Amino acid sequence: MVSPSDVPVEVSKVFDTILVLDFGSQYSHLITRRLREFNVYAEMLPCTQKISELNWKPKGVILSGGPYSVYAEDAPHVDHDVFKLDVPILGICYGMQELAWINGKGVARGDKREYGPATLNVEDQSCSLFKGVDNSQVWMSHGDKLHALPTGFKIVATSENSPYCAIAHEKENIFGIQFHPEVTHSAQGKILLKNFAVDICQANTNWSMENFIDTEIARIQKLVGPTAEVIGAVSGGVDSTVGAKIMKEAIGDRFHAIYVDNGVMRKNETETVYKTLTEGLGINLTVVDASDLFLGRLKGVTDPEKKRKIIGNTFIHVFEDEAAKIKPASGQEIEYLLQGTLYPDVIESISFKGPSQTIKTHHNVGGLLENMKLKLIEPLRELFKDEVRHLGELLGVPHDLVWRHPFPGPGLAIRVLGEVTKEQVKIAREADAIFIEEIKKAGLYKQISQAFAALLPVKSVGVMGDQRTYEQVIALRAIETTDFMTADWFIFEAAFLKKVASRIVNEVDGVARVTYDITSKPPATVEWE
Ligand code: GLN
């Protein structure tokens with residue numbers, strides 16, 4: 001076991017860390033992602049980061065790409081103290097142009113923009129960055145280019161359109177590349193990043209979930225101290241469950257989980273969450289049945305935004321009331337609120353997208369922090385989603401829960417279009433359960449990123465047992481995506497859809513017709529409301 005007193009509270013002080021300075025490229029977070037894939041810990045900060053304000057020392061620095069032109073008046077520039085760190089530096093695209101700009105200013109608009117694949121010619125096989133890298137395909141995305149070799153640098157690779165495709169200042173350990181090694185279209189990009197991080201920066205390859213667990217538990221213990229109490233909401237989703245489990249491991253029953261049944265949860269959700277979290281994971285859990293309150297407040301409301309607001313605000317009230325009832329045995333007040341923030345949320349809030357930073361606070365948590373004067377604890381804030389899943393598996397969270405599709409905070413309320421009533425929720429819930437059951441039976445659940453049934457507020461004519469029926473319509477939706485920013489609809493076999501439709505119409509009272517949604521995102525969103 002790692003003892004709390006030995007552990008700094010910053011992960012970047014525990015693991016050798018590569019610092020990625022983000023100039024706003026759409027690929028910046030992938031650099032961090034790739035490095036972690038070969039067990040080197042990396043963190044991203046905005047390009048405007050003052051080096052003197054970093055309270056840890058990186059093993060190396062990567063300057064990312066970015067949409068700006070280094071020679072433009074308002075272009076962002078790196079703090080020159082980065083060179084005083086005396087660690088290796090790698091500039092990617094804008095990052096390389098920035099290095100060139102600092103060392104001779106030989107950057108200008110190219111006569112040809114270059115977007116897409118190009119073939120690399122490694123000119124200098126002895127360059128440590130290119131060890132094991134052949135003349136393979138690389139991915140380009142730039143309009144500016146280097147017109148001169150910066151002072152002290154040599155050419156190590158070229159491409160047809162980029163005579164300075166890769167440059168190196170071997171003595172100073174500074175490298176620049178025009179292409180993007182972080183995207184999978186650059187065939188050997190990962191080898192290059194590994195050469196940089198492991199060989200050149202000599203970063204330890206000890207970032208693994210197994211190693212993370214021990215230090216993370218010790219970090220939480222140190223942060224929370226020996227007596228403070230922590231509260232947190234659990235929803236039955238992966239992030240809140242894994243967060244709750246690691247809190248339980250760190251501070252036992254001083255962590256209080258609250259699950260609010262808002263009346264718009266999926267089939268058997270409350271029972272399953274209760275069983276899994278208490279019997280299975282030993283978490284100190286309170287279940288609150290507030291379904292009548294929520295459904296009462298939703299009465300007559302049809303506007304999707306209004307529904308979301310009502311659910312968000314009601315949740316805050318119920319959570320606060322329940323929290324006030326918790327009287328820890330220690331007599332201590334509750335001091336912290338657990339929040340399942342993941343690294344992509346952190347990246348979004350620190351990402352460099354202009355002169356100022358954009359900060360996004362989750363609606364519910366923002367409200368709770370203001371009213372309850374709690375401090376925030378975010379044990380997952382360094383992790384990507386798949387890392388959270390891995391952590392969950394290691395902590396013994398059941399497989400089904402770890403791989404569960406995401407479910408929106410307002411629940412089935414935004415999958416029942418129009419007014420939300422108990423009866424309408426029941427129809428959506430039953431149809432959804434059948435759809436998911438069939439998806440699981442067909443072995444498709446993991447391939448699909450999210451699937452659900454929505455209940456439409458229209459009636460349609462049908463015929464059942466020679467009788468005319470006039471009932472509602474269920475719309476099925478299943479999508480595939482990697483990041484939920486864009487998504488495409490999933491292609492089922494006709495026989496599968498046939499079976500699901502037949503089961504829903506036969507087994508769910510109130511449904512006369514089933515349709516399948518074949519719209520991608522954009523222009524549609526994943527949810528209907
Ligand atoms: N904006 C710069 C260019 O067009 C850098 C592009 C990038 O970093 N992807 O060349």
Side-chain angles (χ1 to χ4, degrees), residues 18-35 42 44-49 60-79 82 89-120 129 136-150 153 155-168 174-190 192-193 196 347-348 350-355 357 483 485:
I18 302 290
L19 170 63
V20 178
L21 289 175
D22 171 37
F23 285 89
S25 152
Q26 51 181 330
Y27 305 131
S28 300
H29 68 284
L30 286 178
I31 305 172
T32 317
R33 190 77 207 87
R34 295 288 166 261
L35 295 168
M44 194 172 109
L45 289 172
C47 57
T48 46
Q49 173 67 41
V61 179
I62 296 181
L63 311 180
S64 84
Y68 313 88
S69 288
V70 278
Y71 47 79
E73 220 168 276
D74 55 352
H77 294 290
V78 70
D79 177 359
V82 76
I89 297 176
L90 170 66
I92 296 175
C93 204
Y94 185 94
M96 152 155 118
Q97 295 164 3
E98 173 73 353
L99 291 171
W101 191 246
I102 295 167
N103 292 287
K105 304 226 170 332
V107 184
R109 188 96 202 135
D111 26 283
K112 209 163 97 199
R113 289 181 51 201
E114 197 178 14
Y115 185 84
T119 306
L120 188 70
L129 190 64
S136 49
Q137 177 184 299
V138 291
W139 193 258
M140 294 286 191
S141 170
H142 65 117
D144 298 332
K145 64 199 262 194
L146 265 61
H147 288 277
L149 196 59
F153 284 78
I155 295 175
V156 284
T158 58
S159 74
E160 202 187 314
N161 186 48
S162 296
Y164 307 104
C165 185
I167 55 171
I174 302 178
F175 305 86
I177 47 181
Q178 186 57 72
F179 56 93
H180 289 272
E182 68 275 25
V183 302
T184 47
H185 307 286
S186 287
Q188 297 180 320
K190 207 165 152 176
L192 187 146
L193 288 173
F196 177 72
I347 287 178
E348 190 172 321
I350 62 164
S351 181
F352 182 78
K353 288 190 185 125
Q357 298 172 15
D483 56 8
M485 303 297 285

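Just follow the structure's listing: the first ligand is 1, and inside any ligand the first atom is 1. Worth saying up front: this structure is predicted, and the values here are computed from it rather than measured.
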Kindly tell me which protein residues have any non-hydrogen atom under 4.0 angstrom away from an atom of ligand 1, grouped by chain and ordered by number?
->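 Its neighbours under 4.0 Å (heavy atoms only) are G65, G66, P67, Y68, C93, Y94, Q97, S141, H142, G143, D144, H180, given by chain and number.
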
Do any pairs count as a side chain to side chain donor-acceptor pair (under 3.5 Å) and have a residue in residues 102-113, sequence neighbours left out, and if so which ones?
->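 For residues 102-113: R109-D144.
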
When rounded to the nearest 0.5 angstrom, what is the spacing between OG in S25 and NE2 in H180?
->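 S25 OG to H180 NE2: 5.5 Å, rounded to 0.5 Å.
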
How many angstroms lie between CE in M96 and CG in L90, if you round to the nearest 0.5 Å?
->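 Nearest 0.5 Å value for the CE-CG distance: 10.5 Å.
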
Counting N and O atoms only, with roles assigned by atom type, does the side chain of E98 sit under 3.5 Å from a partner on the main chain of V78, one being a donor and the other an acceptor?
->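 Yes.
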
So I167 and L146, side chain to side chain contact (heavy atoms under 4.5 Å, CB included) or not? Walk me through it.
-> CA-CA 10 Å; I167 55 171; L146 265 61; 3.9 Å; yes

Residue of the set I89, T48, L45 for which side-chain contact (heavy atoms from CB on, under 4.5 Å) holds with L21 |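 Testing each of I89, T48, L45 against L21, the sole residue satisfying side-chain contact (heavy atoms from CB on, under 4.5 Å) is L45.
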
